[in-house]
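Report on the structure given below.
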Amino acid sequence: MWEVVADRKHVVHKAFPGSFQEDNIQGECELMLHGDVHTTKKDGQSVVIPWAGHAVLVKTADGEKEEWKFKKYRVYIQR
């Protein structure tokens with residue numbers, strides 16, 4: 001799919017929490033995302049494609065610094 005794309009920009013319109021497991025581990029955060037990807041093909045044609053994503057983030061600690069990092073991320077695109 002991406003081999004014909006020269007440039008792309010992902011735009012998130014909505015992000016909301018989602019927890020689908022009863023045994024959700026503390027320190028993890030589940031998110032659902034909805035947006036568009038604006039692409040320019042190598043032939044110059046522009047296309048906007050809607051997408052949805054499911055992300056699981058986990059809090060990591062490196063000394064005193066805490067960060068949220070992606071543990072899992074899956075994108076769904078419908079043409």
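Worth saying up front: this structure is predicted, and the values here are computed from it rather than measured.
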Going from [atom1] on [X] to [atom2] on [Y], what distance comes out if it is rounded to the nearest 0.5 angstrom?
X     : Y     : atom1 : atom2 : answer
His38 : Asp7  : NE2   : CG    : 11.5 Å
Glu3  : Lys41 : CD    : NZ    : 10.5 Å
His10 : Asp36 : NE2   : CG    : 10.5 Å
Leu33 : Tyr73 : CG    : OH    : 5.5 Å

Should [X] and [Y] be counted in the same cluster of Ile, Leu, Val, Met, Phe, Trp and Tyr side chains packed under 4.5 Å apart?
X     : Y     : value
Val5  : Ile49 : yes
Val12 : Trp68 : yes
Val47 : Ile77 : yes
Phe70 : Trp51 : yes

> Which pair of non-hydrogen atoms, one from Pro17 and one from Leu31, has the smallest distance, and what is that distance?
Replying inline: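 Of all heavy-atom pairs spanning Pro17 and Leu31, the closest is CA-CD2, 4.1 Å.
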> Closest approach of Val37 and Arg8, non-hydrogen atoms and distance?
Replying inline: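 Result for this residue pair: CG2-CB, 4.0 Å.
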Residues 55-67, side-chain donor-acceptor partners within the protein, below 3.5 Å, at least two apart:
| residue | atom | partner | partner atom | Å |
| --- | --- | --- | --- | --- |
| Thr60 | OG1 | Glu67 | O | 3.3 |
| Lys65 | NZ | Glu67 | OE2 | 3.3 |

>> Angle between ring planes, His13 versus His34, binned at 30° and 60°: parallel, tilted or perpendicular?
In response: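 Taking His34 first and then His13, their aromatic rings sit tilted (interplane angle of 30° to 60°).
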